[in-house]
Amino acid sequence: MCGRYTIIKSPVELEKEFEIDINKEVFETTYNLAPSQNGLVITNQHKNEGQFFKWGLIPFWAKDEKIGYKMINARSETLIEKSAFKTPLQKRRCVVIADGFYEWKKIGKEKHPSYIYLANKKPFAMAGLWETWSSPAKETIHSFTIITTKANEFMSTLHDRMPVIFDNNSDINLWLDNELSANEHLQLLQQLPSDKMAMHQVSQMVNSPKNNQPSLITPLENLGTLF
DNA sequence: CCAGACGTTGTT
DNA sequence: GTCTGG
DNA sequence: CCAGACGTTGTT
DNA sequence: GTCTGG
């Protein structure tokens, strides 16, 4: 599962890492990107361009864009049998650029967040699907969802689901390759090995989507010693 | 055939 | 649009 | 994902 | 409890 993430690395760094062009006038650093906000994606249609799409998939046939609030994740195991995802799997795949994401653990009534990232601290790409939707007022909205899989051992201390993560450009290129079959695409949707990941607890400041500052990813124990 | 849904997560 | 349920 | 709102009628 | 907004 994945419901909040960060884009902290500079656009120049991301351009180099993923071999894309990014519109720097639209790019915004974020420590707390929430569903309904714009995320940075690379689609199978424009593989050399970073685009900003709305998080929460709105199928092109939807009558109301609010359906996107419920479509922030897609289970990899059932993509092929769900009507909302079947066509996007075949025609509209993307990767979602991030450098870390948050997961919550409920302890009593409190929700305690952790920040998860790659052990090598590099940015990564989460597998996703995208759509183009036209509102009744003829406004066009591009949107996306993040594909999840069973959590690896490392993540399972927090949750039983995690996003599908590609940590290298060759997997990204295969996922975005229009020549591969649906089965070949599905085979790419694997857990990232536990030893490639790292995490630490962070403060509950991140719980509110209104907050967006560097201290959101500061380890909880370090925050404590600052005061 | 037509009508109606189309989703995931976590918690109980 | 496409699938499921009736 | 979490936080925060959740409503209508009639009167000014 | 459930939906909307960020």
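Proteins get letters first, then strands, A, B, ... in listed order; numbering begins at 1 in each.
Between Y117(A) and H200(A), the ring centre distance stays below 6.0 Å. Residues H112(A) and W104(A) keep their aromatic ring centres 6.0 Å or farther apart. The ring of F144(A) has its center no closer than 6.0 angstrom to the ring center of F53(A). In summary, the aromatic rings of W55(A) and Y69(A) are positioned with their centroids too far apart to meet the 6.0 Å limit.
The side chain of R75(A) lies closest to dT9(B) when the candidates are dT9(B), dC2(D), dG7(B). Each of dG7(B), dT9(B), dT11(B) was ranked by its minimum atom distance to the side chain of K106(A); first place goes to dT11(B).
Looking at N173(A), its side chain does come within 3.5 Å of a backbone N or O of N169(A) through a donor-acceptor pair.
Distance check on atom P: dG6(E) versus dC6(B) gives 26 Å, rounded to whole Å. Separating the P atom of dG4(B) from that of dG10(D) is a span of 34 Å, rounded to the nearest Å. Atom name C1', nucleotides dC1(D) and dG7(B): the rounded distance is 14 Å, in whole Å. Distance noted for atom C1' between dC2(D) and dT8(B): 15 Å (whole Å). Nucleotides dT2(E) and dT9(B), compared at atom C1', are 15 Å apart to the nearest Å.
Using a 4.0 Å heavy-atom distance criterion, K70(A) is classed as a base contact. Among the heavy atoms of the strands, none lies under 4.0 Å from T145(A). Counting any heavy atom pair closer than 4.0 Å across all strands shown, S76(A) reaches no nucleic acid atom. Residue contacts for I67(A): at a heavy-atom cut-off of 4.0 Å it reaches no nucleic acid atom on any strand shown. At a threshold of 4.0 angstrom between heavy atoms, the contacts of A62(A) with the nucleic acid are absent. Note on F101(A): nothing from the nucleic acid sits closer than 4.0 angstrom, heavy atoms only.
When the P atom of dG7(B) is taken as reference, atom CG of L57(A) falls 10 Å away, rounded to whole Å. Between the C1' atom of dG10(B) and the CD1 atom of I107(A) lies a distance of 15 Å, rounded to the nearest Å. Rounded to whole Å, atom C1' of dC2(D) lies 18 Å from atom NZ of K105(A). Atom CG of L129(A) is separated from atom P of dT8(B) by 11 Å (rounded to the nearest Å). Atom CG in L216(A) sits about 15 Å away from atom P in dC2(D), given to the nearest Å. One can place CG of L79(A) at 12 Å from C1' of dT8(B), the figure rounded to the nearest angstrom. Atom P of nucleotide dG10(B) and atom NE2 of H112(A) are separated by 16 Å, given to the nearest angstrom. The interatomic distance linking K210(A) (NZ) with dC2(D) (P) rounds to 16 Å, in whole Å.
Of all the residues in residues 150-165 of chain A, not one reaches under 4.0 Å from DNA chain D with any non-hydrogen atom. Within residues 24-42 of chain A, the residues that place at least one heavy atom under 4.0 Å from DNA chain E are, in residue-number order, A34(A), P35(A), S36(A), Q37(A).
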Show me the protein contacts with nucleotides 1-6 of chain C, counting only N or O atoms at under 3.5 Å.
{"unit_1": "dC3(C)", "atom_1": "OP1", "unit_2": "K86(A)", "atom_2": "NZ", "d": "3.0"}

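Under the 4.0 Å criterion applied to side-chain N and carboxylate O atoms, R92(A) and E131(A) are assigned as salt-bridge partners.
The distance from atom CD1 of I146(A) to atom OG of S76(A), rounded to the nearest 0.5 Å, is 13.5 Å.
Distances shorter than 4.0 Å separate some side-chain N or O of T78(A) from OP1 or OP2 on dT8(B). For the OP1/OP2 pair of dT9(B) and a distance below 4.0 Å, the side-chain nitrogens and oxygens of T148(A) include at least one atom meeting the criterion.
Within the structure, salt bridge (Lys or Arg N to Asp or Glu O under 4.0 Å) contacts touching residues 178-187 of chain A (residues at least two apart or in different chains) do not occur. Annotation: salt bridge (Lys or Arg N to Asp or Glu O under 4.0 Å) contacts involving residues 148-174 of chain A, sequence neighbours excluded, comprise E77(A)-R161(A), D167(A)-K196(A).
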Map every base of DNA chain B to its dot-bracket character, where paired means a Watson-Crick or G-U wobble contact with both distances under 3.5 Å and | marks a partner outside the strand. ||||||......
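Heavy atoms of other residues, nucleotides or ligands lying less than 6.0 angstrom from NZ of K24(A) number more than 12. Within 6.0 Å of the CD atom in E139(A), the count of heavy atoms belonging to other residues, nucleotides or ligands does not exceed 12.
Of the listed residues (N23(A), L40(A), I22(A)), just one forms a side chain to side chain contact (heavy atoms under 4.5 Å, CB included) with P11(A), and that residue is I22(A).
W130(A) and N44(A) share a side-chain donor-acceptor pair at under 3.5 Å. Under 3.5 Å, the side chains of N183(A) and S181(A) contain no donor-acceptor pair of N or O atoms.
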If you apply the rule side chain to side chain donor-acceptor pair (under 3.5 Å), what do you find for N211(A) with N32(A), and how did you get there? CA-CA 7 Å; N211(A) 292 327; N32(A) 194 5; over 6 Å; no
Could you walk me through whether T6(A) and D99(A) satisfy the side chain to side chain donor-acceptor pair (under 3.5 Å) test, starting with their C-alpha distance in whole Å, then the side-chain angles of each, then the deciding distance to 0.1 Å, before giving a yes or no? CA-CA 6 Å; T6(A) 66; D99(A) 26 47; 2.6 Å; yes
